[in-house]
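Step one of this worksheet: look at the structure below.
Each chain gets a letter, A, B and so on, in the order its sequence line appears, and its residues count up from 1.
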Amino acid sequence: MPNAGQLNAGTKEMQIKRSRSFRKELSRNRFLYGMLVPVIAYLLLFKYGPMFGEIIAFKNYRLADGIWGSAWVGIDNFVKLFSSTDFYAVLRNTLVLNVYHLVFAFPAPIILALLLNEVRVEWYKRTLQNLLYIPHFISWVALGSIVIALLSPSTGFLNYVLELFGLEPIYFLADTFWWPVSFIASGIWKEAGFGTILYLAAMASIDPTLYEAAKIDGARKARQIWHVTLPGIRSTIAILLILQVGKMMDVGFEQVFVLRNNAVSSVSEVISTYVYTRGIVNLQYSYTTALGLFQSIIALILVIAVNRIIKAMGERGLW
Amino acid sequence: MLRSRGANAASASGWLRWLNFILLASCAYATLFPFINIIAVSLSSSRAINAAEVFMWPVEFNMEAYKNLLRDGQLIVAMKNTIIITVVGTALNMLFTIMASYPLSKSRLKGRNAMLMGILFTMLFSGGIIPSFLVVNSLGLVDSYWSLWLPGLMSAYNMFVMKSFLEGLPEELEESAAIDGAGDALILWKIILPLAKPVLAALTLFYAVGWWNSYMNVLIYIRSTDKLSLMVKLYQMIDLISPEMLRAGEGVTQTLITPEGIRAAAIVIAIVPILCVYPFLQKHFIKGVLLGSVKG
């Protein structure tokens, strides 16, 4: 603890610092500010530049005219967007896939972490973890290709197993019922293992005396999990759940892009793939920017709302 | 703590522990099986593949699919491209992440909070695919790798991870070095960065894996077929296998090659580099994830 004299000296020094001119501050920390210059240039050009570029949602953008030169059209692009059936289809697909994800994929790492947490043989636990993390590091293109191969109606292994049981082969990726199932299952395959890291860390920080107390009260394993482990990771679950809700408007582009095909476009076309096809491929820049802006604004509102909720729950907010 | 955990384990009923043991082993098996299967398929004959006979071990072992891919050469070119994209991209990422996080970890720096808010906002609201494309296009970067590297110079999330790590380092270290006459650059190089090695390793890994797997940005920005990355090439190969790629080598019967086999071999080639470095890196990334969760 610093004594009063040191504290006084500290405040004095701070006052002197504050009274220094900005130029002096700059020259004193020129190394630090110098490092920030390229970073600021990067942020302005590649992060804030595109945000400014969103104004083309209110213009009829033509490459030849540029962002400034293109004619203003007010909210025409949004009128066109909200009156198209495509918009409601891709919005619905995006939300539906996210709801499936919340219901089926979100609990997977929690269950897996609960199981892993009960393993007391350290080397076995570590080996399992390392194996379960692997798919997280593989790209969706490779994983999706493996999924396509495994689910192939003619040469895929899964349909071979179905045939062994005398069942008809299923066109998993060409059927509007099975496509979302395959989509969510492959998502679990990639991320469930890696998702356990945060839960396992939360479980490791639970006070062991709580388990002792529960045992003295006669609680069996299942009750210990219910009354000690789950409450111990409750805040982690809450924060990750809310973060997931904050991402409701976004489905990963690559996973959809790799797994989709024309037979299931009615359930697989989501906002990001639609923006890519209509914007980058078909060059409808203003129309797709309007859709992108709509998506970004809803996402921003969701994240801000989510942060409020986290703080209201007494947890530390995201900012 | 360790002792009480042991006591806890001893009281758990035996069969439950075995059930858990087996359940987790099945999960791990289910996770790995698709990989094992695809490797086995890539090494099997076309007859066995078409009959869906391949399970976990190659049937009628042969390397024709790999020989075809090597002879065709496109995938090798794509892999070289991906190595360039990954090495340069990761180096630039680390440079910019350090350049942003080190100054911003100093609470004495004026304008720090404004800048942090400015970076945080880029995580919450993005300009979207099309406006980003138009910016890159107006700079004339399309079809150059700079169109990948420049827009992705730094991940705001990783910057915050690094910043909170640096904030945790004791300030006295720097102060004593400054008294000894070391300049800011020397302090950063000789004192700060060596201490930050664990987080530097984790972030390098995250960035490098991201670049190795890069797909969407390449799809949008790279037009020349000889510049495409491994993952985009792989995607194209899944879509269509050209007839000449199915050409058999000298003295090999046509029946040994099938599109499924070639696809499987291409997938294996794309993921093997990651699997090879995985054992060396897995200890770092857990640290990275946990560091990120402290201040996300």
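Of the two parts of A/Leu116, the backbone and the side chain both hold a non-hydrogen atom closer than 4.5 Å to a non-hydrogen atom of chain B. Contact of A/Val303 with chain B is made through the side chain alone, with heavy-atom distances under 4.5 Å. Heavy atoms closer than 4.5 Å to chain B are found in both the backbone and the side chain of A/Ile138. With a threshold of 4.5 angstrom between heavy atoms, A/Tyr285 approaches chain B through its backbone and through its side chain. Residue contact with chain B, scored on non-hydrogen atoms closer than 4.5 Å, involves the backbone and the side chain of A/Asn130 alike. Looking at A/Leu243, there are no atoms closer than 4.5 Å to chain B (heavy atoms on both sides), in backbone or side chain.
What you find for A/Leu128 and B/Ala28 is that their closest heavy atoms are CD2-CB, 3.7 Å. Across every non-hydrogen atom of A/Val141 and B/Met231, the tightest pair is CG1-O, 3.3 Å. In this structure, B/Ile274 and A/Phe137 approach most closely via the heavy-atom pair CD1-O, 3.1 Å. Closest non-hydrogen pair, A/Pro135 versus B/Phe35, comes out as CG-CE1, 4.1 Å. Nearest heavy-atom pair across A/Ile280 and B/Ile220 is CD1-CG2, 3.8 Å. Considering every non-hydrogen atom in both A/Met51 and B/Phe125, the closest pair reads CE-O, 3.2 Å.
Options A/Phe257, A/Tyr160, A/Phe194 differ in how many heavy-atom pairs under 4.5 Å they form with chain B, and the most are formed by A/Phe257.
In this structure the side chain of A/Phe31 never reaches within 4.5 angstrom of the side chain of B/Ile187, judged on heavy atoms. Using a 4.5 Å heavy-atom threshold, the side chains of B/Met159 and A/Val39 count as separate. Using a 4.5 Å heavy-atom cutoff, the side chains of B/Met56 and A/Phe157 are not in contact. Contact check for A/Leu36 versus B/Leu109: side-chain heavy atoms found under the 4.5 Å cut-off. Inter-residue side-chain proximity for B/Pro34 and A/Trp189 is flagged as met; some heavy-atom pair is nearer than 4.5 Å.
Within the structure, side chain to side chain donor-acceptor pair (under 3.5 Å) pairs that include any residue of residues 29-38 of chain B do not occur (at least two apart or interchain).
Considering CG of B/Leu124 and OG of A/Ser296, their distance stands at 11.5 Å, rounded to 0.5 Å. To the nearest 0.5 Å, the span separating OG on A/Ser139 from CG on B/Leu234 amounts to 7.0 Å.
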Inset, instruction - Determine, stepwise, if the pair A/Leu143 / B/Ile267 fulfils side chain to side chain contact (heavy atoms under 4.5 Å, CB included). - result: CA-CA 8 Å; A/Leu143 292 183; B/Ile267 295 167; over 6 Å; no
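Between the A/Tyr276 side chain and the B/Met216 main chain, no donor and acceptor come within less than 3.5 Å of each other. A donor-acceptor pair is defined here as one N or O able to donate and one able to accept, closer than 3.5 Å; no such pair exists between the side chain of B/Tyr235 and the backbone of A/Ala142.
The salt bridge (Lys or Arg N to Asp or Glu O under 4.0 Å) check on A/Arg30 picks up nothing, with sequence neighbours excluded.
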